[in-house]
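Notes to accompany the following structure.
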Amino acid sequence: MHRGGERADSGVACAGFPWWKREVKVKIMYVFNNMVGSTGTGYSLKGKRLEFGMGGKWYKADSLGYEGAVEYAVSKILKHSNIKDYVSYQLEIINYNGDTFNGCVSIDFLQLGQQLVTTENLYEMKYKKFVEERLEALPLQNRIEKFVDDVKSITRLNDFGKYLTFLLELNTYTLNVDRNFFDISLIRKEDECYLYCPIYNNETAYLSDTQNKYPLEKNINTLIAEVRETSRFQNLNIAVDCCQKLYGTQFKVGQYEMSEEILEIKELYGNKIYSRICEIDEHQKIMHPEFCWDDVRTECF
């Protein structure tokens, strides 16, 4: 059986719960999984990560570092951006079968009858090919233009080029190098009409993978330099340049102070991770002034 949706303030701790987390002002999600499927629509993207939907919400536990903190931090940035439709994440402590994880929770944005479809899925259905197979012979700017035109013809989403540009610019600003820019998610309705997804799933930003890639003990300037030397990030920067030439600059963020926005991260994850995210954010503001504006107007695609 499971006790889905039963939540308690952090002051109500379960047996064996670490004393130093009991004062944190976040919720605890208690889950008991004594039968298959009791956590709802659960699946794992990386083989290890605990993710599940329950009660109209989506829960994700950290598996490689501080992914939940990053989702929370990026959603704080998006709150000050020019984009209205984004997923707001909150920090969450998840107690699963007696094991405790830091993580995050958000509202499940899919409504009844809606389905998440990637652009890779669209190509398989329409062309019986993967995106790369159909576009590999073209130079990058032509590939992007053809990719956007293909998706527009299938979905009738006429601003898809702007949407793609926003995602890539946000990836660049937050150092999110793991999103495949030819594998963007969209929403398909029962009537076969398509919608843009709200901006979500940014957990690999801000050097969050401390287990495999970006250990906490290393200097962030060294790590950022290593990120920028990877072929994937170099390709991302080139792709952003190409998109901006085709569709203009899309991502804009107004004035904000990350150190004030994410104080709950300091409480839950500690000062080292909190300071690291703040330091990276300040570095990126300096590196990308083109995205930073005194004032922005929210809009939708």
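Sequence neighbours left out, the pairs with a member in residues 241-252 that pass side chain to side chain donor-acceptor pair (under 3.5 Å) are Glu169-Gln244. Applying the salt bridge (charged side-chain N to carboxylate O under 4.0 Å, His left out) test to pairs two or more places apart or on separate chains, those with a residue in residues 140-151 are Glu132-Arg143, Arg134-Asp150, Lys146-Asp150. For residues 76-91, the salt bridge (charged side-chain N to carboxylate O under 4.0 Å, His left out) pairs, not counting sequence neighbours, are Lys79-Glu261. Every pair tested for salt bridge (charged side-chain N to carboxylate O under 4.0 Å, His left out) that includes a residue from residues 269-280 fails, sequence neighbours excluded, so the list is empty.
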Without placing hydrogens or testing angles, list every side-chain donor-acceptor pair under 3.5 Å for residues 221-228, not counting sequence neighbours.
residue	atom	partner	partner atom	Å
Glu226	OE2	Lys218	NZ	2.9
Arg228	NH2	Gln284	OE1	3.2

Donor-acceptor contacts, no H, no angles, side chain residues 292-301, under 3.5 Å, sequence neighbours left out:
residue	atom	partner	partner atom	Å
Trp293	NE1	Glu290	O	3.2
Asp294	OD1	Gln255	NE2	3.2

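Scanning for side chain to side chain contact (heavy atoms under 4.5 Å, CB included) contacts around Ile107 gives Lys57, with sequence neighbours left out. Residues passing the ring pair (Phe, Tyr, Trp, His ring centres under 6.0 Å) test with Tyr127 are Tyr123, sequence neighbours excluded. Glu133 is linked by a salt bridge (charged side-chain N to carboxylate O under 4.0 Å, His left out) to nothing, counting only residues two or more places apart in sequence or in another chain. Checked against ring pair (Phe, Tyr, Trp, His ring centres under 6.0 Å), Tyr173 has the following partners two or more places apart in sequence or in another chain: Phe251. By the ring pair (Phe, Tyr, Trp, His ring centres under 6.0 Å) test, His288 is found to be paired with Phe291, residues two or more places apart in sequence or in another chain being considered. Asn142 is linked by a side chain to side chain donor-acceptor pair (under 3.5 Å) to nothing, counting only residues two or more places apart in sequence or in another chain.
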